[in-house]
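Step one of this worksheet: look at the structure below.
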Amino acid sequence: MLEVRNLQVSVEGKAILRGIDLAVNAGEVHAIMGPNGSGKSTLAQVLAGRESFTVTGGGVRYLSRDLLAMAPEERAREGVFLAFQYPVEVPGVSNVYLLKAAINSLRKHRGLPELDAIEFLGLVREKMTLMDMADEMIYRSVNEGFSGGEKKRNEILQMAVLEPKLAILDETDSGLDIDALKVVARGINALRSAERAIILVTHYQRILNYVAPDFVHVLSQGRIVRSGPRELALELEQRGYGWLEEAAPTSPLGASAK
Amino acid sequence: MTSTDRILADFIRAAPLLPGAGVAWLTRARQAGLERFAQTGFPTPRDEEWKYTSVASIEKRSFTPLPNGAHAAPPELNALAFPHFPGHCVVFVNGRYSPALSAVGLLPPGVALESVADTLERAPDALEPLFAADNRETVFGALNTAFMADGLYLYLPRATTIEEPIHLYFVVTNKNAAIHPRNVIVAEEGARATVVEHYAGTHGVAYLTNAVTRIFAGEQAAVDHYKLQQEALQAFHVAGIHATQDRGSRLWSHSISLGAEIARNDISTTFDAEGCEATLNGLYLARGRQHVDHHTRIDHAKPGGTSREYYRGLLDGASRGVFNGKVIVHPQAQRTDARQLNHNLLLSKDAEVDTKPQLEIYADDVKCTHGATVGQLDDAQLLYLRSRGVDEAVARSLLVYAFARDVIERIRVGALRSRLEEMLLARLPQGERVRALA
Ligand SMILES: Nc1ncnc2c1ncn2[C@@H]1O[C@H](COP(=O)(O)OP(=O)(O)OP(=O)(O)O)[C@@H](O)[C@H]1O
Ligand SMILES: [Mg+2]
């Protein structure tokens with residue numbers, strides 16, 4: 001589904017990603033871990049289409065298309081979804097506005113009729129129940145004045161409504177209380193299916209207890225320095241990242257052929 | 001012939017024809033206005049108050065006063081297609097009241113809602129104190145006093161409320177006309193009214209509107225004032241709105257600026273007694289080579305006053321915006337609470353804004369804050385919306401719409417608010433799509 005090959009990205013002339021290789025197939029869950037500043041969010045945002053990051057080498061294929069040549073909205077319509085590490089506040093644009101714009105642009109792209117008001121609200125209510133969110137939240141401006149945890153929950157609500165093929169969750173588990181973590185995990189698991197793939201960027205093993213990954217990758221200084229099965233996350237939790245930094249990069253396990 | 005000579009000649013020609021020509025106090029006031037103008041002539045960029053707004057093109061264009069108004073053919077008026085808002089409607093064509101086009105409903109007893117020209121002919125003395133010189137008046141205000149021909153005179157006796165908005169339409173069809181509307185609004189103790197001044201002109205016609213509105217809000221009175229400036233794009237619009245507030249009174253001033261080549265607004269209020277409140281709300285949209293300037297001034301002259309200013313500008317093309325917000329907290333004005341915000345969104349690289357808060361605080365127990373920003377659409381917000389599948393053009397329009405709505409939402413006349421939303425959407429690329437989301 002997703003094939004990242006030798007991806008190199010720089011920001012304002014500074015090399016941040018220095019050759020990332022990653023292959024994600026439908027039905028898989030990949031966890032990406034790694035120290036602060038190692039480039040996890042950069043990778044996530046490049047995949048979503050952030051233009052201020054310059055791709056200096058390598059490429060990304062998504063469903064056999066050149067992902068990097070697609071506009072961010074086109075990627076979204078083709079099923080890519082990024083839950084932002086820092087969800088953006090958009091004063092004056094209500095959640096319900098954004099959800100309606102998002103779902104209908106997706107449907108239009110797929111040749112489906114737009115949802116009418118009743119169908120739309122029905123869908124949103126159903127997903128809000130899943131996310132344990134109060135009704136009034138959808139009439140508030142997007143993320144404005146939301147607590148950290150509410151913002152994260154809102155990201156997963158959007159994901160639940162849009163039902164992406166490839167969901168990239170950038171530290172969606174950070175800053176969540178225990179109950180919220182379960183709710184968010186429920187939202188993620190509800191999406192899991194043989195047709196979809198999930199990339200979970202996280203610092204903690206905790207979320208992986210709820211959403212079991214097929215692969216764990218460690219990103220360090222702009223490279224994937226280690227890939228392994230689920231157990232790698234436990235090892236990292238115990239040993240930290242130090243022991244990996246000297247180690248030579250290994251070929252990522254997830255790079256199996258499609 | 002200098003521009004001042006030309007204005008003097010205009011005055012000699014127009015004065016005998018102006019309403020109230022035989023009224024001694026008015027003649028003196030007009031003379032005095034003319035003299036104040038003649039002393040300085042048109043302002044130049046060397047004047048601090050006119051630093052960013054050049055009126056050279058107004059000065060160059062010999063606009064001629066129309067003391068008696070001018071006939072406008074029905075097709076010209078139809079072309080303007082001014083909307084019919086619910087409420088009382090008073091129409092001025094080329095500066096003079098048009099009874100045929102106006103429709104005023106039933107009014108509470110004692111209310112005067114009439115043409116200033118009529119009042120000057122019938123019972124001029126009621127107006128004398130209301131025309132007294134005011135130190136907030138600009139040079140254009142002085143010119144207005146000299147040449148003013150008509151406008152609204154609204155008088156609300158004690159504890160009277162006019163529920164329905166009063167819409168004033170000032171329409172100009174005459175090329176090169178100089179129109180000097182003068183409106184006077186008096187709300188006695190506890191009275192309430194909503195007045196909308198709406199300015200428009202025939203497409204493609206160049207003229208000058210130079211309006212002055214004086215508002216006197218008595219104790220506990222409430223005045224909700226709107227100015228919707230939709231002049232022809234070749235026209236020039238200069239307006240002074242000056243309020244004086246008595247104890248516990250409330251003023252809302254909304255200035256929506258869309259039209260005109262150059263628009264200059266001086267909006268002020270003076271808290272003349274304790275516990276006054278004022279909200280100054282403004283939105284300016286400019287594109288092409290339009291220039292729009294708001295100078296606001298709030299005089300906290302007495303204690304316990306609260307003022308709020310919310311001005312936003314949306315500038316496209318090579319347009320220019322100016323905002324200057326003066327707040328003066330006089331020594332007596334303890335417990336003043338003043339807040340001023342001016343946000344500007346530049347939609348093109350050639351658009352420019354000069355924004356300047358000017359706080360003069362002479363009391364110590366005060367809460368005064370201000371904030372001004374000039375910026376472009378936020379890239380992070382754009383990416384966020386686009387990453388949810390929203391087209392770039394729609395995302396941009398949505399953000400612009402949200403930005404302007406902050407001001408529009410404060411408009412309390414429903415019909416006006418919806419019309420503005422519509423007008424804004426009509427200007428935005430993909431506005432239809434944005435509307436569909438609402
Ligand atoms: N706009 C920018 N300008 C300059 N440097 C940037 C910019 N954005 C990111 N960086 C740098 O790129 C590096 C990688 O940042 P990134 O946000 O991808 O890290 P991360 O792995 O997500 O870290 P964290 O775990 O703290 O979220 C950091 O050193 C960061 O300072
Ligand atoms: Mg990050």
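Lettering follows sequence order; numbering is per chain, from 1. The basis for the numbers below is simple: all heavy atoms, side chains too, and nothing from hydrogens, waters or symmetry mates.
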Ring geometry between B/H254 and B/Y226 (parallel below 30°, tilted from 30 to 60°, perpendicular above 60°): parallel
Checking A/V96 against chain B: side chain, backbone, both or neither under 4.5 Å from a heavy atom? neither
Are a donor atom and an acceptor atom from the side chains of B/H294 and B/S255 found within less than 3.5 Å of each other? yes
Within residues 390-398 of chain B, which positions have a heavy-atom distance to chain A below 4.5 Å? B/V390, B/D391, B/E392, B/L398
Taking only residues two or more places apart in sequence, or in another chain, which ones meet B/F85 in a ring-ring contact (aromatic ring centres under 6.0 Å, His included)? B/H167
Considering residues at least two apart in sequence or located in another chain, which fulfil the side-chain hydrogen bond (donor to acceptor under 3.5 Å, both in side chains) criterion with B/D379? none
For A/P91, is it the side chain, the backbone, both, or neither that has a heavy atom closer than 4.5 Å to a heavy atom of chain B? both
Could you go step by step and tell me if B/H343 and B/F403 meet the ring pair (Phe, Tyr, Trp, His ring centres under 6.0 Å) rule? CA-CA 9 Å; B/H343 297 302; B/F403 176 86; 7.1 Å; no
Would you verify whether the NZ or CZ of B/R410 falls within 45 degrees of the ring axis of B/Y310 while also being under 6.0 Å from that six-membered ring's centre? yes
Part of A/N104 within contact of chain B (heavy atom distance under 4.5 Å): neither
Note: vs chain A, highest number of non-hydrogen pairs under 4.5 angstrom among B/L382, B/D378, B/L383 is B/L383
Answer with side chain, backbone, both or neither: which region of A/Q45 has an atom nearer than 4.5 Å to a non-hydrogen atom of chain B? side chain
Pair B/E309 + B/K326: basic N to acidic O under 4.0 Å: no
Bottom line for A/E114: the part with an atom under 4.5 Å from chain B's heavy atoms is neither
Taking only residues two or more places apart in sequence or in another chain, which ones pass ring-ring contact (aromatic ring centres under 6.0 Å, His included) with B/Y384? A/F84
Which portion of A/R50 sits near chain B, non-hydrogen atoms under 4.5 angstrom: both
Quick check, are the ring centers of A/H30 and A/H217 under 6.0 angstrom apart? yes
